[in-house]
Amino acid sequence: MAGKQKHTRTKNQLKMGEVKVLGSWSSPYGLRVQWALGLKSVEYEYIDEDLLNKSQMLLKYNPVHKKIPVLVHNGKPIAESAVILEYIEETWPQPHPLLPKDPYERAMVRFWINFLDNKDKVAPFITFFIGVGEEHKKAVNEAKELLKLYEEQVLGEKKYFGGEEIGMLDLAMGWMAYFGVIEEIVDVKILDAETFPRLHAWIQNFRAHPVIKNNLPDHDRLLQNYTEKRQRFLAYSPHTENA
Amino acid sequence: MAEEVKLLKTWSSRFGLRVVWALKLKGIPYEAIDEDLSNKSALLLQYNPVHKKIPVLVHNGNPISESLVILEYIDETWKQNPILPQDPLHKARERFWAKFSDEKLLPSVWGAFTKEGKDREEAMAATMENLKFVEEELKGKKFFSGEKIGLVDLVFGWLANLISIFEVVSGFNIVGEGYPLLSAWMQEFSELPVIKDTWPPRDKMIIKYQALYDKYHPAK
């Protein structure tokens with residue numbers, strides 16, 4: 001902040017310091033961070049990374065993983081989206097707390113974020129997108145089982161995973177909010193309203209929230225970009241069977 | 001009202017051991033239940049239906065799974081001898097390295113132990129690179145958390161025991177002279193009173209990991 005004079009400073013802005021987010025336009029991990037900051041009215045500078053041509057800044061701020069997202073607060077970098085979300089919650093507890101107060105309930109949120117971020121739980125959805133044949137069929141089944149777990153055991157009767165308001169787990173589940181584009185490209189629907197009415201309702205509610213609505217990847221850009229991505233994967237795939 | 005704390009673990013689990021250390025550090029009395037994972041108890045299946053894995057901490061009948069989640073829960077519930085710092089930035093750094101241990105370092109070490117040929121070489125190279133980051137993180141510090149042990153020390157604790165067992169069984173050197181800070185840390189950590197007598201019996205560990213090693217490297 002040294003040397004930068006702004007004509008109007010609100011208490012929040014002073015408290016914020018300088019906040020930067022290194023992300024990528026379609027990454028749900030980066031979006032989680034942006035959503036969290038948005039819900040807490042924390043202003044930040046967003047820097048979009050080209051992951052095929054990583055900036056010096058990214059390599060400097062995340063030398064261990066060289067990945068987005070990275071939050072940089074007053075020059076200090078924090079990497080790993082789950083770690084960043086906890087940092088944001090502790091640094092700006094109000095407005096819009098993202099974690100419950102009770103330690104046991106907090107442990108449940110952390111457990112499920114850890115669960116859904118595990119690469120074995122992400123893999124079926126990736127294979128759903130770029131797999132073919134038997135491998136694809138298996139992925140569809142595994143994905144549906146996971147969705148059933150999220151629908152019945154994690155969301156249950158609640159409006160949001162966080163209860164009445166969006167919480168940390170909702171942000172981590174945010175990838176579901178634009179999963180429809182993936183289904184459109186693959187031409188297979190798995191997250192349908194009939195099988196998953198609660199998740200479907202959750203998606204509508206989540207997407208409608210002004211902070212989320214204004215920070216979703218553009219549908220057409222996703223469609224085009226991801227269609228190309230899928231075609232590239234299929235072209236290089238060792239499988240010759242058709243889906 | 002009496003607090004009831006149970007810990008479901010196994011005799012050898014590095015993840016269960018972390019929780020033991022945290023409970024010991026804070027002086028929390030608990031009942032330890034050692035599971036036979038080839039014959040999981042009804043209690044385990046009831047308390048961790050999602051993963052059916054240990055460790056599971058059960059506090060007043062409420063189960064919590066996943067060692068890192070358990071450690072945070074313990075720290076938030078029992079405030080004496082904190083294992084996480086107050087400052088959000090330092091806390092974030094601890095959480096970052098905790099994830100690094102389990103998501104990067106451990107898989108690369110496991111790969112170096114179980115894989116063969118080119119895959120093994122790649123795993124060893126990844127291990128070397130990962131250990132370099134860990135070594136760097138110890139610069140100017142006695143423990144990862146500073147003067148006293150904290151979350152990261154507990155989470156990296158497996159290094160202080162398992163590495164030497166892997167080296168004995170496989171005949172390969174993993175943490176050698178290239179990591180003086182890490183070697184010193186492993187020694188200091190192991191000698192702490194709260195850690196000292198908690199390692200699983202070494203001879204049993206050698207037998208267990210020799211059997212695993214033989215399984216992954218069948219004699220040709």
Side-chain angles (χ1 to χ4, degrees), chain A residues 15 17 29 33 61-67 69-93 99-122 145-146 148-150 152-154 168-169, chain B residues 5 15 19 47-51 53 55-79 84-105 107-108 126 129-137 151-152:
Chain A
K15 191 184 168 203
Y29 303 101
V33 174
Y61 284 138
N62 191 0
V64 174
H65 299 298
K66 305 174 183 58
K67 283 183 173 177
V70 182
L71 181 82
V72 188
H73 187 202
N74 293 330
K76 302 272 179 8
I78 300 122
E80 293 294 289
S81 69
V83 177
I84 297 171
L85 289 177
E86 298 260 9
Y87 177 84
I88 289 172
E89 176 67 1
E90 283 155 17
T91 305
W92 299 284
L99 280 175
K101 286 204 166 68
D102 174 68
Y104 188 73
E105 285 178 38
R106 290 158 78 92
M108 292 304 102
V109 172
R110 289 173 176 142
F111 173 85
W112 286 113
I113 293 180
N114 181 278
F115 180 92
L116 74 102
D117 277 355
N118 182 283
K119 59 181 168 72
D120 294 335
K121 307 295 185 273
V122 174
E145 265 178 49
L146 285 167
K148 184 163 188 261
L149 182 67
Y150 300 151
E152 291 173 10
Q153 286 201 39
V154 193
M168 212 181 264
L169 186 49
Chain B
V5 182
F15 302 107
V19 181
Y47 283 136
N48 191 359
V50 174
H51 289 304
K53 284 179 174 180
V56 182
L57 186 82
V58 188
H59 183 208
N60 294 334
N62 294 321
I64 302 129
S65 315
E66 288 302 304
S67 65
L68 297 186
V69 177
I70 295 172
L71 291 176
E72 295 241 17
Y73 176 81
I74 288 173
D75 211 40
E76 283 179 3
T77 304
W78 292 281
K79 306 283 190 189
L84 274 169
Q86 290 280 56
D87 175 64
L89 186 63
H90 292 140
K91 230 178 183 173
R93 294 262 159 87
E94 298 249 347
R95 287 178 175 134
F96 175 89
W97 288 107
K99 275 167 117 355
F100 182 85
S101 157
D102 290 358
E103 290 170 20
K104 279 265 137 93
L105 183 60
S108 65
E129 199 185 302
N130 290 335
L131 287 174
K132 267 202 215 110
F133 285 124
V134 177
E135 179 81 4
E136 182 74 29
E137 190 51 26
L151 180 78
V152 179

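Here is how names work: the chains are called A, B, and so on, in the same order as the sequence lines, proteins then strands, and each is numbered from 1. Values reported hereafter were calculated over all heavy atoms of this structure, with side chains retained and with hydrogens, waters and symmetry mates removed.
No more than 12 heavy-atom neighbours from other residues, nucleotides or ligands sit within 6.0 angstrom of NZ on B/Lys53. The neighbour count for A/Lys66 NZ, taken as heavy atoms of other residues, nucleotides or ligands under 6.0 Å away, is above 12.
The candidate from B/Glu103, B/Glu94, B/Lys104, B/His59 with the greatest count of non-hydrogen atom pairs under 4.5 Å with chain A is B/Lys104. Per-residue counts of heavy-atom pairs under 4.5 Å with chain A were compared for B/Thr77, B/Asn130, B/Val50; the largest is that of B/Val50. Comparing B/Ile64, B/Asn62, B/Asp75 by heavy-atom pairs within less than 4.5 Å of chain A, the highest count is held by B/Asn62.
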Trace of the ring-ring contact (aromatic ring centres under 6.0 Å, His included) decision for B/Phe96 with A/His65: CA-CA 11 Å; B/Phe96 175 89; A/His65 299 298; 5.2 Å; yes

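Here the closest non-hydrogen pair linking B/Ala92 and A/Val83 is O-CG1, 3.3 Å. Of all heavy-atom pairs between B/Pro63 and A/Met108, the closest is O-CE, 3.7 Å.
When each of B/Arg95, B/Lys99, B/Arg93 is tested with A/Glu86 by the rule salt bridge (charged side-chain N to carboxylate O under 4.0 Å, His left out), just one qualifies, namely B/Arg95.
In this pair, A/Tyr104 and B/Tyr73 present their aromatic rings perpendicular. The plane angle is above 60°, beyond the 30 to 60° band.
We find the NZ-CD distance between B/Lys91 and A/Glu90 to be 4.0 Å, quoted to the nearest 0.5 Å. Between the OH atom of A/Tyr87 and the NE2 atom of B/His90 there is a distance of 10.5 Å, given to the nearest 0.5 Å.
The existence of a salt bridge linking A/Arg110 and B/Glu76 is confirmed by a sub-4.0 Å separation between a basic side-chain nitrogen and an acidic carboxylate oxygen.
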